[in-house]
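What follows is a single structure, written as C-alpha cells, with notes after it.
All chains are named by letter (A, B, ...) in the order of the sequence lines, taking the proteins before the strands, and each is independently numbered beginning at 1. Values reported hereafter were calculated over all heavy atoms of this structure, with side chains retained and with hydrogens, waters and symmetry mates removed. In this text, all values refer to a predicted model and were calculated from it rather than measured experimentally.
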Protein chains: 2
Amino acid sequence: METVEHDKRKCPTHLSGHECTARLLPVKDALDILSGKWKLQIIISLTFGKKRFKQIQREIPGLTPKMLSKELKELEINELASRHVYDTSPVTVEYEITPYGKTLKPLIEELHKWGAKHRKRIIARK
Amino acid sequence: METVEHDKRKCPTHLSGHECTARLLPVKDALDILSGKWKLQIIISLTFGKKRFKQIQREIPGLTPKMLSKELKELEINELASRHVYDTSPVTVEYEITPYGKTLKPLIEELHKWGAKHRKRIIARK
DNA sequence: GAAATCGGTATACTTTAGGAAACCAGTATA
DNA sequence: TATACTGGTTTCCTAAAGTATACCGATTTC
C-alpha cells in the first residue's frame, strides 16, 4: 500500500513534476489576483460601472487612499482595470473594468456560490 | 479564525445593504478558505486520497510541520478534511477530504481555468 | 476668507503570515 | 547503543500586508 518513491519528492507522488506545476501554478496565479482584503471589493465595485478614485473610496468603507492606490495600480498592471485621466480642473480620473477584467465573472460567481453555501452551513451549525 | 460574523459595514451606494452583504461576504468567506500559501495545495493533495501527516509534508516541498498542523486544523474546523487516529504504535493519523470538501472542486476548477489563461497572457506579453 | 473637493503621496506604525530550529515521547531499526 | 521514524508543539524571528495620519496644489463652494 505504501509505495512512496523517494525520487519524486518535489511533487505529490501521484503527479509528475509537469502535472504538478500545471495544476498548482495557475491556481496560485488566480489566487494572487484575488486575495487580499480589498482587491475583490474593488473589482466588484467596478463591475457596476466606471468610478472615480474618491468614489470608490467612499463606497468601500475602511479603504484608505494608500491601499486603494496600490490595488488600482496592480489591477492596471494586470490589465483588469484601466485608468482614464480627463483634463478638467481639478483633474478627473476614472477607473473602469476592462473586458479582460470581466472574464473574472464566472470565477467570482463560483466563489460567490460556494461561499454562500458555506456561510449557510456555518450559520446553521451554530 | 474563520468565523462567519455579521458585518455591519456600510455598502457601495449602488447596492442596498442587503444586496451588498449578500454579494461580498460569501465571496470573502470562500476566499478565506482558499487563500494562503498552503491550503489549496493540501486540499488538492487530499483529493487524491487519504494521507498521513508526514506524507503530506513530504509531498508538499517547503511545508513545515507548524504550518501543516495549523492548516489541517482549519480544514477540520471547516469540515473540509477529517482526521482519523488509529491506535497503532507509533500512532497513525490519517487525513481525508470530506464529501463537503469535494464540493470545492468546481471552484478550484474555475480558479485553474482562469489562472491558466492568465498565465498564458502574462507570458505572451513579455 | 475658510472649508471642502479632487487624486493621490509620505511616513510611521501595527498586525499577520510564514519560516527556522529545537524539542517531545514512544517505537522500531541497524 | 545510536539513530530515525511517528505526529505534532514551542519559541523566536522576518517580511509583507495593512492602518493611521498628515500633507500636497489647484479649484470650487459656503
Among B:Lys66, B:Lys37, B:Lys39, salt bridge (charged side-chain N to carboxylate O under 4.0 Å, His left out) partner for B:Glu71
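Option passing the salt bridge (charged side-chain N to carboxylate O under 4.0 Å, His left out) with B:Glu71: B:Lys39.
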Apply the salt bridge (charged side-chain N to carboxylate O under 4.0 Å, His left out) test between B:Asp29 and each candidate in A:Lys117, A:Arg119, A:Lys113; give the one that qualifies.
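Of all the options given, the one that passes is A:Arg119.
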For [N], does OP1 or OP2 lie under 4.0 Å from any side-chain N or O of [X]?
| X | N | answer |
| --- | --- | --- |
| B:Arg83 | D:dG8 | yes |
| A:Arg58 | C:dT5 | no |
| B:Tyr86 | D:dG7 | no |
| A:Arg52 | C:dC6 | no |
| A:Ser69 | C:dG7 | no |

Whole Å only: how far is the [atom1] atom of [X] from the [atom2] atom of [N]?
| X | N | atom1 | atom2 | result |
| --- | --- | --- | --- | --- |
| A:Lys54 | C:dT9 | NZ | P | 11 Å |
| A:Lys51 | C:dC6 | NZ | P | 15 Å |
| B:Gln55 | D:dG8 | CD | C1' | 16 Å |
| B:Lys50 | D:dG7 | NZ | C1' | 18 Å |
| B:Gln57 | D:dT6 | CD | P | 9 Å |
| A:Leu68 | D:dA20 | CG | P | 15 Å |

Base contacts versus sugar-phosphate-only contacts with protein, heavy atoms under 4.0 Å: please encode nucleotides 11-26 of chain C as B, S and - from 5' to 3'.
BB-----BBB-----B
Which heavy-atom pair separates B:Leu31 from A:Leu34 by the least distance, and what is that distance?
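Scanning both residues completely, I find the closest heavy atoms to be CD2-O, 3.3 Å.
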At their closest point, which heavy atom of A:His118 faces which heavy atom of B:Asn78, and how far apart are they?
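Closest pair (atom of A:His118, atom of B:Asn78, distance): NE2-OD1, 3.6 Å.
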Between A:Tyr100 and B:Trp114, how do the two ring planes meet: parallel, tilted or perpendicular, split at 30° and 60°?
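Taking B:Trp114 first and then A:Tyr100, their aromatic rings lie parallel (interplane angle under 30°).
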Are any side-chain N or O atoms of B:Thr88 and backbone N or O atoms of B:Pro90, one a donor and one an acceptor, separated by less than 3.5 Å?
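Yes, because the side chain of B:Thr88 sits within donor-acceptor range (under 3.5 Å) of the backbone of B:Pro90.
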With B:Glu109 via side chain to side chain donor-acceptor pair (under 3.5 Å) - residues at least two apart
none
